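These numbers come from a predicted model, not from an experiment. We count ligands from 1, going down the list as the structure has it; atoms in each ligand are counted the same way.
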Amino acid sequence: MMTYSSTQDLISTLPREEGMHSAYSYQYQGFWYSPLRLQGLIDCQQHFQARTDDIFVVTSPKSGTTWLKSILFALINRETCSPQDPHHPLLKIPPHQLVPFLELLKPSDYDSVSNSSDSSITRIFGSHIPTVSLPESIMEKGKIVYLCRDIKNTFVSLFHFIKKANIRPSPISLDNAFDLFCRGASISGPVWDHILGYWKESLERPNKVMFMRYEEMTDEPHVQLRRLAHFIGKPFSQEEENSGLLDQIIKLCSFDSMSKLEVNNSGKLIGKIRNDSFFRSGVVGDWKNYLTEEMASKLDRITEEKFCGSGLSMT
Ligand code: A3P
């Protein structure tokens, strides 16, 4: 078993870059991580065993993880907890605590995750791990819901998150962050490779990996909620459809309601990241307020080049 000090030894051999949200980031299996995330990832690779029907919410950071975690939690637990219940856990506990990030858990805590009241679904985890580094048991036994977002919005959201979370030793400029992002050295980047990995898996194993987009969740939440419910094996009954349950889940998990809750405006996630860092504007197309035309075209150009021939289009 690799100990913490030997992971440190491994880290010292890896390519290193200036970090976007930590002093340095390290390249491991083709993707970039802060030391904390990398330690967590290596722990997962060595110790995590998925159980049949565990569900994984996987994203590249700032693609809407918080939103999707909330929706899945509400969806899976809807029989024991009505989204209209004034004591619903989502009103009292931050989404990232209800649905923890796998790679931020200690191995001794994997088994204590218990966030599904549905006997056919074991546990719900979040993760930013790319396909190439996923522990094998996840693909074998679990189901993955992958959410991506327009790359320009993802970058702008990431830049603001880094500023708001204030976890970097010194502030980073927009230009510097943009350069690191374009070169792939962002958190769990390159974002394009991250997305492509799950896109291809969703085509090859549609029963295992479902591919979603933030913008589609915004435009057609009912359609996406039905897709999600069907994918996890809990489709809505006619009675649930008629009762307005979909509207209730959408409302409970909406940016407006989640971002105003006291619980999401206080406290911190692991490390020093404040819970309110995960809520900013939730607006599609907000990149126009921050990126120059040149920056936007550069991101579009990289996206087109990277996705060329994959059948995936995001520009
Ligand atoms: P913006 O910075 O564009 O506002 P993640 O959850 O992956 O960290 O992504 C954070 C982004 O999702 C932020 O985007 C945040 O505002 C937005 N977000 C958080 N909760 C949301 C919700 N309930 N509905 C829609 N967007 C949400």
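Rounded to the nearest 0.5 Å, atoms CZ (R149) and OG (S60) are 11.5 Å apart. Of the inter-residue distances, the one linking D111 atom CG with F48 atom CZ reads 8.5 Å to the nearest 0.5 angstrom.
Looking only at atom types and distance, the side chain of T80 has a donor-acceptor partner in the side chain of S117 under 3.5 Å away.
Ligand 1 lies under 4.0 Å from heavy atoms of K62, S63, G64, T65, T66, W67, R149, S157, Y214, C253, S254, F255, F278, F279, R280, S281, G282.
Salt-bridge annotation for D53 and R123: absent, with no side-chain N of the basic residue lying under 4.0 Å from a carboxylate O of the acidic one.
K234 NZ: more than 12 foreign heavy atoms inside a 6.0 Å radius.
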Evaluate the criterion salt bridge (Lys or Arg N to Asp or Glu O under 4.0 Å) for residue pair R213 and E220; output intermediate values, then yes/no.
-> CA-CA 11 Å; R213 295 166 187 254; E220 42 175 39; over 6 Å; no

